[in-house]
Engineer: 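Got a structure for you, written out below as structure tokens; questions coming shortly.
Predicted model, so just to flag it, every value in this text is computed and none were measured.
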Amino acid sequence: YKRQPPGPGYAPPQDPNADLRDPTVDLELRVLKLARLRGGKLTAASAAAELAIPVSEADEKLTEIAKAGHANVDITEEGAVVYDFPALRV
């Protein structure tokens, strides 16, 4: 059996989360989508890694969202700052 190359019109499957790393998409929207995908909880470091932005930028945006009342800030026993988005836990 020899595998055949894809036929005309073939397009590889699109990554439904490719927009998370797209700098042309508003950062707040990217953060909120990521929070929903991650069960409503994010750290600045995890957001930075998945959104391909500096940790300082992720922390600034998460803090801004929390100050607006859209996320709670929790501190773990290890001292990690976790941003909790109750409305996005679905």
Engineer: So do the side chains of Leu51 and Glu57 get within less than 4.5 Å of each other, counting heavy atoms only?
Structural biologist: no
Engineer: OH/Tyr83 to CG/Asn72 distance, rounded to the nearest 0.5 angstrom?
Structural biologist: 12.0 Å
Engineer: Quick one: do Lys61 and Glu64 make a salt bridge, cutoff under 4.0 Å?
Structural biologist: yes
Engineer: For side-chain contact (heavy atoms from CB on, under 4.5 Å), just list the numbers for Thr43 and Val81, CA-CA rounded to whole Å, side-chain angles, deciding distance to a tenth of an Å, and then say yes or no.
Structural biologist: CA-CA 6 Å; Thr43 65; Val81 178; over 6 Å; no
Engineer: Just jot down the side chain to side chain donor-acceptor pair (under 3.5 Å) partners of Glu77, sequence neighbours excluded, or say none.
Structural biologist: none
Engineer: Let me confirm one number: the CG-NZ distance from Leu88 to Lys33, rounded to the nearest 0.5 Å.
Structural biologist: 13.0 Å
Engineer: At their closest point, which heavy atom of Ala58 faces which heavy atom of Ala47, and how far apart are they?
Structural biologist: CB-CB, 4.2 Å
Engineer: Under 4.5 Å between side-chain heavy atoms, hopping through other hydrophobics if needed: is there a path connecting Val73 to Ile65?
Structural biologist: yes
Engineer: With rounding to the nearest 0.5 Å, note down the distance linking NZ in Lys41 to CZ in Phe85.
Structural biologist: 11.0 Å
Engineer: Does one hydrophobic cluster hold both Val55 and Leu27, with members joined at side-chain heavy-atom distances below 4.5 Å?
Structural biologist: no
Engineer: I'd like to know if Arg30 and Asp19 make a salt bridge, using a cut-off of under 4.0 Å between side-chain N and carboxylate O.
Structural biologist: no
Engineer: Is there a path of hydrophobic side-chain contacts, each under 4.5 Å between heavy atoms of I, L, V, M, F, W or Y residues, that connects Val82 with Leu37?
Structural biologist: no
Engineer: Do you know the tightest heavy-atom contact between Ala52 and Arg21?
Structural biologist: CB-NH1, 3.3 Å
Engineer: Which atoms form the tightest heavy-atom contact between Leu20 and Leu34, and what is the distance?
Structural biologist: CD2-N, 4.0 Å
Engineer: Counting only N and O atoms by type, is there a donor-acceptor contact under 3.5 Å from the side chain of Ser46 to the main-chain atoms of Leu42?
Structural biologist: no
Engineer: Might you work through the side-chain contact (heavy atoms from CB on, under 4.5 Å) test for Arg38 and Glu50, ending with a clear yes or no?
Structural biologist: CA-CA 11 Å; Arg38 298 295 170 257; Glu50 294 204 52; 2.6 Å; yes
Engineer: State the CG-CG distance between Asn17 and Asp22, to the nearest 0.5 angstrom.
Structural biologist: 12.5 Å
